Structure formats: C-alpha cells, structure tokens
There are 2 protein chains.
Amino acid sequence: MRKDGIATREKILDGARDLVLKLGYSGMKVDHVLEHVGITKGAFFHHFKTKDELAKALLRRYASEDALIYAETRAQAEKLSDDPLQQILIFIRLFEDMFSEMTEPYPGCLLASYVYELQQFDDETRSLLHETFARWRTLLQEKFTLIIERYPPKNPVSASQLADGFTVVLEGAFILAKAMNDARMATEQLRLYRNYIELLFAAPEQMRAAA
Amino acid sequence: MRKDGIATREKILDGARDLVLKLGYSGMKVDHVLEHVGITKGAFFHHFKTKDELAKALLRRYASEDALIYAETRAQAEKLSDDPLQQILIFIRLFEDMFSEMTEPYPGCLLASYVYELQQFDDETRSLLHETFARWRTLLQEKFTLIIERYPPKNPVSASQLADGFTVVLEGAFILAKAMNDARMATEQLRLYRNYIELLFAAPEQMRAAA
DNA sequence: ATATTTCCGGACCGTTTGGTCTGTTTAGTG
DNA sequence: CACTAAACAGACCAAACGGTCCGGAAATAT
C-alpha cells in the first residue's frame with residue numbers, strides 16, 4: 001500500500017463522519033477512527049492537530065458537499081421548468097427520489113448531530129453551523145419569494161418560513177427514521193411537505209390529486 | 001440544608017437533562033453534573049449505580065413527562081370540540097402557544113439527543129426510544145384515522161404519516177431553533193403544519209384564511 | 001435514648017482518552 | 001543516487017473520567 005497523504009486524509013474524514021453519525025461527536029473517540037480506518041495515531045495527528053480540528057474540517061466538508069447537492073438538484077429542477085412553483089415541486093420530488101432508493105435509514109445529518117452537542121464547540125464552529133443553515137434557507141427562500149408574488153398563497157406565509165420548512169422536515173425525518181428504523185420516513189415526510197406546497201399555492205379550480 | 005433523598009435525585013435528573021441537551025450524553029460528564037447540581041460523587045453514585053443507569057432513568061422520566069403533556073393537551077382539545085379535525089387543530093395550536101411564550105430557543109428533545117448517539121446505548125434503551133416515539137405516533141394516528149374517514153383528504157395520505165408529521169416538524173424545528181438561535185422557530189413551523197392539515201381536509205367551498 | 005438505615009462528603013483508584021515524541025519508511029527532486 | 005520533506009508507526013504520557021470505598025452526618029425506627 002503506497003503512501004498517499006490526501007487519500008488517507010479523506011479516509012479519516014469519511015470514517016469519522018460515519019462514526020459521528022452513529023455515536024455523536026463526543027462518543028466518537030479517536031481510537032475508534034484509527035481502528036475503523038485502519039491507521040495509527042501517528043497518521044491521524046499528522047493530518048489533524050487536534051480532534052477539534054477534525055470536527056471543523058468535517059463540518060466544512062459536509063457543508064460544501066451538501067451545498068453541491070443542493071445546487072445540482074436546483075439546477076436540474078430549473079432545467080425541467082421555468083415556473084418557480086414547479087421548480088420547487090420538482091426539487092422536493094428529486095429529494096424524495098434520492099431517499100426512496102435507500103434500504104436502511106439515512107445515517108443522519110452531521111450538522112444536526114453537532115447541534116445537539118452545541119456547547120461543546122467554539123464560536124467559530126457554531127457560526128459555521130449557523131451560516132450553513134442560513135445558506136440553505138436563502139436558497140429556497142428566493143424561489144418562494146417569487147412563488148408568493150405570482151401565486152397568492154391560501155394562508156399568510158413568509159418565504160423564509162416555507163424555506164425553513166424543508167430543512168425542518170428533513171431533519172425531523174432523519175431523527176424519526178433512526179429511532180423507528182424506518183428507511184421510508186424521509187421520502188414520506190417530504191411528500192407531505194410537497195403536498196402542502198401544492199395545496200398552498202394551487203388555484204382553487206385546478207386542484208388535482210398528486211401522483 | 002436537610003437531607004432529602006428523592007429531592008437530590010430529582011435535582012440530579014434535572015441538572016443532567018439540562019446538560020445533556022447542551023452537550024449531548026457523551027459530552028455530559030458526571031463531574032459536570034456534580035458541579036452543576038452542587039453535590040459530590042458520593043451523592044451521585046448513591047442514587048445511580050452507573051452513568052448509563054442515569055441515562056435510562058432520564059429517558060423514562062422525560063418520556064413520562066412528555067406523555068403527560070400530550071395527554072393533557074389532548075384532553076383539553078377534546079373538551080373544546082367534539083370534531084376530530086377541530087381537536088387536532090386545537091391540539092396543534094395549543095402546542096404553538098406553549099412555545100410562543102419562550103424567549104430563547106427550546107432546549108431540545110432528550111430523545112432526539114439520544115437518537116444521534118444511538119449506538120452508544122444498549123438494546124433496552126434503544127427499544128425504549130422506539131416505544132416512546134411509537135406511542136406519540138399512535139396518539140395522533142387515532143385522531144387522523146377518524147378525520148380521514150369523515151373528511152376526504154385532497155391527497156392520498158395515511159394517518160400514521162400525518163401523525164409522524166407532527167413529531168417530525170417538532171424535532172426538526174428544535175434543531176433549527178438551536179442552530180439559528182431563533183426561539184420562534186417551533187411556533188412558526190407548527191403553524192405551517194396546522195395550515196397543511198387545514199388545507200388537506202377543508203371542504204373546497206368553505207376554505208377561509210386562518211388567523 | 002439507642003440502634004439502624006439512608007444519605008452524602010471526599011479521598012482514592014484503574015482505565016480511557018487526547019495528544020506527544022522519536023524513529024522509520026515512502027514520495028518527490030536535482 | 002543523494003537529499004529532503006512529507007507520511008506514517010507505535011511507544012509513551014498527563015489529564016480526565018467513571019466508579020469505589022469508607023467515614024460520618026442526618027433521618028427513622030425501636
């Protein structure tokens with residue numbers, strides 16, 4: 001086995017992510033990572049000065065990976081329709097499809113894992129969490145702003161609340177999926193969320209049942 | 001200060017709950033509890049053989065406390081209306097009111113905290129988590145079953161999914177509330193969930209904007 | 001009043017844990 | 001090939017941690 005610095009660094013990050021989602025950050029000990037990845041202390045602390053530095057790197061990596069998925073899915077939705085409402089509905093459905101193929105519960109969201117140990121982390125990490133969630137909000141908020149202008153909602157709602165709703169449903173579904181060991185939870189709850197958007201903005205005349 | 005066994009035991013449980021919600025279970029060290037509660041190791045391990053036993057006691061306590069709140073709120077809703085749909089809507093609104101008075105984000109759900117460290121716990125604790133969430137589902141599922149029979153939903157939905165939706169929104173809102181430091185998150189997202197139920201079951205003619 | 005049990009303080013202990021240090025191997029470079 | 005720097009292995013360490021133990025104080029029973 002050849003020595004490849006960036007490769008082992010990636011392996012550490014991947015392994016640590018898996019373990020954090022299973023055990024929480026404090027529950028994940030560095031020795032666990034060493035065993036899981038198949039390296040030694042020397043290798044680990046060569047790539048990360050401290051465990052907390054790994055935590056930050058993990059967070060940044062997850063946030064950027066996730067931003068990529070969001071951006072790609074959004075681009076895909078925008079390619080399939082010019083209407084902002086349809087774009088959102090497609091966007092949600094694409095996420096449904098992502099989770100529908102899974103056979104076991106989604107391992108969870110790293111950010112949520114951090115949130116429930118929030119006081120463990122320093123200000124930098126906390127603001128990084130804040131910014132990431134804020135970015136997710138902004139992404140969908142823009143669409144919902146357009147939608148609200150074009151289609152009068154049946155209830156008084158704000159674009160930011162609807163945008164947060166997506167994240168809320170996802171995060172909540174992840175928790176219930178793990179607790180109930182139900183892999184379909186995320187797909188089902190996203191479908192309910194999509195139904196809500198449909199009902200909220202659909203013209204009273206043309207209300208039709210969704211597939 | 002007099003010696004009161006059950007009182008200190010309660011103080012330990014209360015303090016531990018606060019700390020778990022801030023630091024996670026693994027992040028909460030027993031020394032933290034000792035300092036936070038103002039006792040010593042002797043007192044702690046007199047009431048709890050191990051830290052894991054505290055974890056289980058904590059879980060049982062939280063689950064029963066929560067079951068009480070659910071039952072009371074449900075009873076209150078049933079007192080205010082005979083119609084299952086109205087009962088659910090009142091039920092949700094009562095929860096909205098509970099969180100609306102808070103000035104800082106709800107500290108979170110202990111069960112969710114456990115879920116993100118699930119592999120830390122033994123089978124007994126895990127099944128306890130499972131049962132508790134299942135109980136919450138059943139509670140609302142009964143109502144939604146009646147509602148679906150009486151009012152044709154505009155989309156094909158199952159009672160259990162709608163019931164899970166409530167928990168999903170709550171759990172997701174707690175996470176976002178902490179991450180964004182927004183105390184109104186839970187209230188706002190519950191309102192969206194209530195709007196969804198209204199739109200889903202409202203007769204097309206009598207659809208009116210909610211307050 | 002005495003005995004007994006519960007409750008608790010705090011020193012102590014073995015293990016775990018994050019992190020260090022030294023030496024060795026591998027990859028790149030002239 | 002010689003040299004350098006990055007990439008590791010693994011023994012080692014100090015602090016933190018969960019848990020034990022025993023003495024004593026406070027409540028309760030007799």
Side-chain angles (χ1 to χ4, degrees), chain A residues 1-59 61 110 113-114 117-122 124-125, chain B residues 1-59 61 113-114 117 119-122 124-125:
Chain A
M1 200 164 74
R2 319 201 352 244
K3 280 195 182 183
D4 187 350
I6 60 167
T8 48
R9 188 187 154 94
E10 292 295 306
K11 284 202 301 180
I12 292 173
L13 286 168
D14 285 339
R17 174 179 46 88
D18 295 346
L19 292 173
V20 167
L21 291 175
K22 284 181 182 172
L23 305 166
Y25 174 70
S26 292
M28 173 206 71
K29 313 298 182 185
V30 292
D31 284 350
H32 292 160
V33 180
L34 304 186
E35 190 184 5
H36 188 255
V37 178
I39 57 173
T40 61
K41 269 199 155 62
F44 181 91
F45 284 101
H46 172 73
H47 290 285
F48 302 97
K49 271 189 220 168
T50 68
K51 191 192 171 189
D52 280 337
E53 197 186 273
L54 169 69
K56 289 180 191 173
L58 215 52
L59 185 53
R61 190 170 184 262
L110 194 79
S113 164
Y114 279 36
E117 301 180 59
L118 205 58
Q119 303 303 321
Q120 293 263 316
F121 303 101
D122 55 18
E124 187 191 346
T125 306
Chain B
M1 199 164 75
R2 315 197 1 241
K3 281 196 182 182
D4 187 349
I6 61 165
T8 47
R9 188 188 153 91
E10 292 295 307
K11 285 203 299 181
I12 293 173
L13 286 169
D14 285 339
R17 174 178 46 89
D18 295 345
L19 291 173
V20 167
L21 291 176
K22 284 181 184 174
L23 306 167
Y25 174 70
S26 293
M28 174 207 69
K29 314 297 181 184
V30 292
D31 285 349
H32 293 158
V33 180
L34 305 185
E35 190 184 6
H36 188 255
V37 177
I39 57 173
T40 60
K41 270 199 155 60
F44 181 90
F45 285 101
H46 172 73
H47 290 285
F48 302 97
K49 270 189 222 169
T50 67
K51 191 192 171 189
D52 279 336
E53 198 185 274
L54 168 69
K56 288 179 191 173
L58 216 52
L59 185 53
R61 189 168 184 264
S113 164
Y114 279 36
E117 300 180 58
Q119 302 303 321
Q120 293 264 314
F121 303 102
D122 55 18
E124 187 191 345
T125 306

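All values reported here derive from a predicted model rather than from experimental measurement. Each chain gets a letter, A, B and so on, in the order its sequence line appears, and its residues count up from 1.
Every salt bridge (Lys or Arg N to Asp or Glu O under 4.0 Å) that A:K41 has, sequence neighbours left out, goes to A:D31. Remark: B:E35 pairs with no residue by the side chain to side chain contact (heavy atoms under 4.5 Å, CB included) rule, at least two apart or across chains. Every residue two or more places apart in sequence or in another chain that forms a side chain to side chain contact (heavy atoms under 4.5 Å, CB included) with A:T50 is listed here: A:D52, A:E53. Applying the side chain to side chain contact (heavy atoms under 4.5 Å, CB included) criterion to A:H36, with sequence neighbours excluded, gives A:D18, A:L19. The side chain to side chain contact (heavy atoms under 4.5 Å, CB included) search around B:K51 returns B:Y25, B:M28, B:V30, not counting sequence neighbours.
Listed pair B:H46 / C:dC7 meets the phosphate criterion, a side-chain N or O lying under 4.0 Å from OP1 or OP2. Put simply, A:T8 has a side-chain N or O that comes within less than 4.0 Å of OP1 or OP2 on D:dC8.
Map B:H47 and A:K49 each onto its nearest nucleotide of DNA chain C; the residue landing nearer the 5' end is B:H47.
In this structure, the CD1 atom of A:I39 is 7 Å from the P atom of D:dA9, given to the nearest Å. Rounded to whole angstrom, the span from the CG atom of A:L34 across to the C1' atom of C:dG18 amounts to 11 Å. In this structure, A:F44 atom CZ and D:dG10 atom C1' are separated by 16 Å, rounded to whole Å. Look at CZ on B:F48: it is 14 Å from C1' on C:dC7, rounded to the nearest Å. In this structure, B:I6 atom CD1 and D:dA26 atom P are separated by 19 Å, rounded to whole Å.
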Give the B/S/- string for nucleotides 11-18 of chain D, one per nucleotide from 5' to 3', where a protein heavy atom under 4.0 Å of the base yields B, of only the sugar-phosphate yields S, and otherwise -. B-----SB
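A salt bridge is defined here as a Lys NZ or Arg NE, NH1 or NH2 lying under 4.0 Å from an Asp or Glu carboxylate O, and A:D14 with A:R17 meets this definition.
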